[in-house]
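Presented below is the structure to which this report refers.
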Amino acid sequence: MAKLGVNLDHIATIREARKTNEPDPVFGAYIVELAGGHGVTIHLREDRRHIQDRDLDLMRQVVTKMKLNLEMAATPEMLKIAARVLPNQVTLVPEKRQEVTTEGGLDIMAQAKPIASAIKQLHKHAIEVSLFIDPVLPVIEQARALGADAIELHTGSYARAWSNHEYRTELDQIIQGTQLGRDLGLVVHAGHGLTYQNIKPIAAIPLIEEFNIGHSIIARAVYVGLERAIRDMLALIS
Ligand code: PXP
């Protein structure tokens, strides 16, 4: 069965709406474990719009049985933080302050040098590195060439196409990308825009090892609680 990494950023989004101390995303990590989730994902953004440095430090202390996956940009500031906190995995993502969420995959063609250097630095600290990329074959080959351990295929285009029922092309791209990634020896993850409604065709791709899902789970959790929301998603990906 594929693993589920639960992205807890949006618990912090609610807290930051009032700049108070609740709800605490660190409590969320306990619930992920209780519900049978396999990992916690958080994105420390340059502008700290949701997750704060304190959240990352505390998460590192409480997430001991699951994987802690830190999404971050490949900047000197973030690399320094990763080297101090030592998440199990770093997923390198592009970052623009203006965007609402991470909109496209990393441009690892244009950014080959800094990305390769970031991977090397993270490897020195025994941190596994995943690259968040679009499901485009030459880009997947480049991820391998740059020394990544894993790729996270961006499912945003699939998710957008799913809502108007014309998702087959995007799904095929993800299927082909997954196959190529595995043929090259990369671990393949997928994420972004995945929901209880659109997950099934993606979950049916047997070679994807991990899904990182945030917004949809936290949105359901508002009504049914986080534990139930995670269990519902686990049932769909199993
Ligand atoms: N994977 C990556 C690399 C992301 O940047 C995000 C959004 O933070 C997610 C997965 C989760 O996306 P969503 O919140 O749409 O499930």
Side-chain angles (χ1 to χ4, degrees), residues 2-14 16 25 28 32 37-51 55-56 59 67-75 78 82 87 89-108 115 118 128-135 139-140 143 148-163 170 174 177-178 181 187-200 202-203 208-222 226 229-230 232-234 236-237:
K3 297 196 163 81
L4 176 63
V6 181
N7 182 314
L8 297 177
D9 292 350
H10 294 308
I11 297 182
T13 300
I14 297 171
E16 295 307 310
V32 175
H38 305 95
V40 166
T41 294
I42 48 176
H43 184 175
L44 188 65
R45 298 187 73 107
E46 186 194 18
D47 62 7
R48 306 301 195 271
R49 72 174 70 153
H50 37 53
I51 293 294
D55 302 328
L56 174 60
M59 279 300 175
K67 182 197 270 189
L68 178 62
N69 174 31
L70 173 63
E71 290 177 7
M72 57 176 232
T75 60
M78 291 296 157
Q89 176 180 291
V90 159
T91 300
L92 292 175
V93 299
E95 189 166 307
K96 290 191 213 97
R97 268 175 189 250
Q98 317 84 288
E99 67 190 2
V100 176
T101 180
T102 319
E103 273 154 18
L106 268 176
D107 185 355
I108 60 174
I115 297 293
E128 286 181 20
V129 186
S130 179
L131 302 182
F132 185 49
I133 54 173
D134 293 319
V139 178
I140 295 166
D149 305 290
I151 49 175
E152 179 170 329
L153 296 179
H154 196 316
T155 48
S157 299
Y158 161 80
R160 268 194 306 279
W162 197 90
S163 23
E170 276 76 14
I174 294 166
T178 302
V187 175
V188 180
H189 308 153
H192 203 92
L194 295 175
T195 66
Y196 296 87
Q197 289 74 37
N198 68 25
I199 184 73
K200 273 206 160 174
I202 295 280
I208 297 180
E209 289 193 21
E210 178 181 303
F211 298 102
N212 284 304
I213 307 179
H215 185 267
S216 187
I217 291 176
I218 304 304
R220 179 172 291 213
V222 169
L226 185 56
I230 293 167
D232 287 353
M233 189 56 86
L234 282 168
L236 291 171
I237 67 174

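Order of listing sets the numbers, starting from 1, for every ligand and every atom in it.
Nearest heavy-atom pair across L8 and L226 is CD2-CD2, 4.4 Å. A pairwise comparison of heavy atoms in I115 and A74 identifies CD1-CB, 4.2 Å as the closest pair.
Counting only N and O atoms by type, the side chains of E152 and H192 include no donor and acceptor under 3.5 Å apart.
Under the rule for a side-chain hydrogen bond (donor to acceptor under 3.5 Å, both in side chains), the partners of T41 that lie at least two apart in sequence or sit in another chain are N69, N212. Not counting sequence neighbours, the partners of V139 by the side-chain contact (heavy atoms from CB on, under 4.5 Å) test are I108, M109, I133, V136.
Residue contact annotation: S216 has no non-hydrogen atom under 4.0 Å from ligand 1.
Backbone and side-chain nitrogen or oxygen atoms of H10 are examined, and none is located within less than 3.5 angstrom of a nitrogen or oxygen of ligand 1. Between G214 and ligand 1, a contact under 3.5 Å exists for at least one N or O pair. Below 3.5 Å of separation, one finds an N or O of G193 facing an N or O of ligand 1.
Within 6.0 Å of the NZ atom in K3, the count of heavy atoms belonging to other residues, nucleotides or ligands does not exceed 12.
Atom numbering of ligand 1 starts at 1 in the shown order; those under 4.0 Å from a heavy atom of H215 are 13 (P), 14 (O), 16 (O). If you number the atoms of ligand 1 from 1 as listed, the ones under 4.0 Å from a heavy atom of V93 come out as 3 (C).
Between E152, H189, H192, M72, it is H192 that holds the heavy atom closest to atom 12 (O) of ligand 1. Of the listed residues (T91, I217, N212), the one carrying the non-hydrogen atom nearest atom 11 (C) of ligand 1 is N212.
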